[in-house]
Amino acid sequence: MLRIDPDTTGRGPRTTAVRRGTAGWALLGSELKVLFRRSRTWAMLLALAAIPVLIAVVVKIASSGPDPGEGPPFLDRVSQNGLFAAVTGLVVSIPLFLPLTVGVVAGDTIAGEAGLGTLRYLLAAPAGRLRLLAVKYAGAAVFCLAATVSVVAAGIGIGAALFPVGPVTLLSGDTITPGESLLRLLLVAGYVSVSLLGLSAVGLFISTLTVVPVGAMAATVVLSIVAQVLDSLPQLEWLHPWLFSHYWLGFADLLRQPVEWGSFVDNALLQAGYLAVFGALAYARFARKDILT
Amino acid sequence: MTAGAPTAGLAIETRGLTKRFGRQTAVDGISLAVPRGSVFGFLGPNGSGKTTTIRMLLGLARATGGRIRVLGQDMPHSWQDVLPRVGALVEGPAFYPFLSGTANLQRLDAADGRAPSSTRSARAGEALERVGLTHAAGKKVRAYSLGMKQRLGIAGALMLPRELLVLDEPTNGLDPQGTREVRSLVRSLAAGGTTVFVSSHLLAEVEQICTHAAVMSAGRLVAQGSLDELRAAGRRQVRIQTPDGDAARRVLLDLGLAPEPGPGNGAPVTAPLDYHLAPERIVAALVAADVRVRGFSVEATSLEERFVALTGEGFDVAH
């Protein structure tokens, strides 16, 4: 039954003027709640976490360890030091699994709301088109971090459970303590998260072009693969430094002593460039778009 | 009124509002005037451009031409000032199916940067109570019926006190009881001073709750005004039950009316009635002429007849 209560039906400019907002952060909080209350998000994070677990279990039950240089990088080290399960997990996830999940989240940002019809209510609330885009992108960025962290955390967990954990020999030959190597792993996770920000911006832009979220997701994932294919063609060497995927596997510099920050900075600058260009394109498109769903 | 001078008494005002999609004109130069404090029925068959108009009023779609003022300010230019004062239900409810009713309302409320966070959950609870959804507050919207979603949509529009409510087909999917409840809710909101703009293709609804109405047909505004004005623009007719049909027709002709040529005596005699002639004079004249009057009535055209006359198609989808 609808309750009729004349006291709360009041209105008027005075009531409106008294309203004080706590501004923008509420929408970001709400965006993260929506993202992480979705079972799809957790399914993707669990699938990512399963990758290092799978690797570690296979290495554990195999009678003889892989020879150095066989299989994905660092695979031969997993049985000597469990922490390498995390690194191997990342190396395996970077080309496909991470871009796949990031493509799903970034492609869904605007198109998903449009497909549900909730976009019109958010904008009529009013969320503001620029604010909504920014919040949506921030949500995708948080997901990039969550995705990377779930691979690394699961890798550390399963590695520590199945294998010894000890001092780690870096690529430069220096040895660091397990505590310091955890810090290095966090650094690598940060690097990989940052390197997915450009793809997220591309996904955000594509998401403003359609009301079919699956289309935007697929297009984003396909672009991530195309970028990697182009990056592998030597004839296009001039193009390579401009591809958002160019530095994806370049975190080896973070595993040297002292840390070489060059590739971290190059990567961050490249991703910032993608964010600037595709963020501007997304805004240009979204600001003028008729919301008809 | 010159362009640029606002009309203080209007909650919604459009001038020559036009929306074209490619070569198709969805809304064709309409000039709406919705007085503040009114319950305004926005009528028209499905596909006549009502929802497109509402989308432009709310800044969701860009007008191809014309001007829009909502609550005295230009839209979409002043959306930041206007939209927080407007509650809206646009083309049916839309929610996140994996969130509960309460969580959906809170999400929408968080989208409004001016809505206070501290009272958010209390306001969501009140809004749910007002539409009778308290029992389903924690249920995922996926499990809601269409009628429940419709109620939740209305609750969303009521999360804050509003100066204007735009309700697009608010009773869609509701059972008769729910329809009655929405009607009384609209009345109570209007009593509190809120302007309510209700679109509908169901006339009965508009006729019962609205003070004003506008009628759309194929993208054009074909009528607008208070409900009495709209009815008055239609015809009234007298209807006389008498065995002396021919004599009655002669009397009506003498009074300056134009009775429908009848089949002779026996059938009822009808004639269009203009407003200058008081019906009691007709009765007096008939009695004076010894016509045996067994029944006499003045029939106003129903809004429905007006609607069909204006749109030429009743409830069919416009082509």
Side-chain angles (χ1 to χ4, degrees), chain A residues 1-42 112-129 131-132 135 287-293, chain B residues 52 55 58-62 79-80 82-86 88 90-99 103-104 106-118 120 126 129-132 151 153-154 156 158 160-164 166 178 181-182 184-185 187-194:
Chain A
M1 203 194 72
L2 294 165
R3 186 166 62 88
I4 288 130
D5 183 352
D7 290 345
T8 58
T9 57
R11 53 97 219 184
R14 221 184 309 154
T15 333
T16 316
V18 167
R19 280 164 47 193
R20 291 267 185 280
T22 44
W25 295 108
L27 184 56
L28 181 58
S30 154
E31 178 63 29
L32 294 178
K33 257 187 229 163
V34 170
L35 183 60
F36 287 102
R37 272 192 201 168
R38 226 174 161 158
S39 40
R40 185 181 75 192
T41 307
W42 288 103
E113 301 279 358
L116 279 176
T118 42
L119 184 56
R120 61 176 185 266
Y121 285 105
L122 289 177
L123 292 181
R129 297 192 183 208
R131 177 163 162 259
L132 185 62
V135 163
R288 301 190 61 82
K289 189 181 185 181
D290 280 351
I291 309 303
L292 300 174
T293 54
Chain B
T52 307
R55 284 178 188 281
L58 296 172
L60 294 172
R62 215 162 251 279
W79 63 270
Q80 280 175 304
V82 173
L83 290 180
R85 293 144 71 196
V86 180
V90 192
E91 203 174 23
F95 295 105
Y96 305 91
F98 48 89
L99 292 184
N104 265 294
Q106 292 180 350
R107 159 81 168 159
L108 266 187
D109 196 61
D112 176 359
R114 292 204 225 167
S117 307
S118 51
R120 183 160 294 140
E126 279 167 30
E129 198 188 335
R130 286 185 81 184
V131 299
R151 287 159 184 257
I154 296 172
L158 300 179
L160 286 166
R162 311 284 192 183
E163 288 171 61
L164 169 66
V166 175
E181 287 167 8
V182 167
S184 58
L185 182 73
R187 281 196 198 103
S188 76
L189 289 165
T194 306

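The sequence lines fix the lettering, A, B, ..., with proteins before strands; numbering per chain opens at 1.
- In terms of heavy-atom proximity, A:Val135 sits nearest to A:Leu28 at CG1-CA, 3.9 Å.
- Inter-residue side-chain proximity for B:Val82 and B:Leu164 is flagged as unmet; no heavy-atom pair is nearer than 4.5 Å.
- B:Phe95 touches chain A through its backbone: at least one of N, CA, C or O sits under 4.5 Å from a heavy atom, while the side chain does not.
- Between A:Glu113 and A:Ile291, the closest side-chain pair of non-hydrogen atoms is not below 4.5 Å.
- Using non-hydrogen atoms only and a strict 4.5 Å limit, the part of residues 32-39 of chain A facing chain B consists of A:Val34, A:Arg37, A:Arg38.
- Of the residues considered (B:Pro97, B:Gly92, B:Ala94), B:Ala94 shows the highest number of contacts with chain A, using heavy-atom pairs under 4.5 Å.
- With hydrogens and angles disregarded, no donor-acceptor distance shorter than 3.5 Å links the side chain of B:Arg55 to the backbone of B:Ala61.
- If you measure heavy-atom distances from A:Arg288 to chain B, the contacts under 4.5 Å come from both the backbone and the side chain.
- Among B:Ala103, B:Gly153, B:Ala111, the residue making the largest number of heavy-atom pairs under 4.5 Å with chain A is B:Ala111.
- For the atom pair CG of B:Leu160 and CZ of B:Arg114, the computed distance is 10.5 Å after rounding to the nearest 0.5 Å.
- Counting all heavy atoms, side chain and backbone alike, B:Val131 lies closest to B:Arg151 at O-NH1, 3.0 Å.
- For the options B:Leu58, B:Leu83, B:Leu60, heavy-atom pairs under 4.5 Å to chain A are most numerous at B:Leu60.
- To the nearest 0.5 angstrom, B:Arg85 atom CZ is 4.0 Å from B:Glu163 atom CD.
- Contacts of B:Leu108 classified as side-chain contact (heavy atoms from CB on, under 4.5 Å), with partners at least two apart in sequence or in another chain: A:Tyr121, A:Leu122.
- Proximity of a side-chain donor or acceptor of A:Arg120 to a complementary backbone N or O of A:Thr293 within less than 3.5 Å is detected.
- Most heavy-atom pairs under 4.5 Å with chain B: of the set A:Thr118, A:Leu123, A:Leu119, A:Leu132, this distinction falls to A:Thr118.
- Interface remark: of the candidates B:Gly156, B:Pro93, B:Ala88, B:Pro93 forms the most heavy-atom pairs closer than 4.5 Å to chain A.
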- List the steps and the verdict of side chain to side chain contact (heavy atoms under 4.5 Å, CB included) for B:Leu189 and B:Arg130. CA-CA 11 Å; B:Leu189 289 165; B:Arg130 286 185 81 184; 3.7 Å; yes
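- Proximity to chain A (any heavy atom under 4.5 Å) is shown, for B:Arg107, by both the backbone and the side chain.
- In terms of heavy-atom pairs under 4.5 angstrom with chain B, the leader among A:Gly117, A:Ala127, A:Gly112 is A:Ala127.
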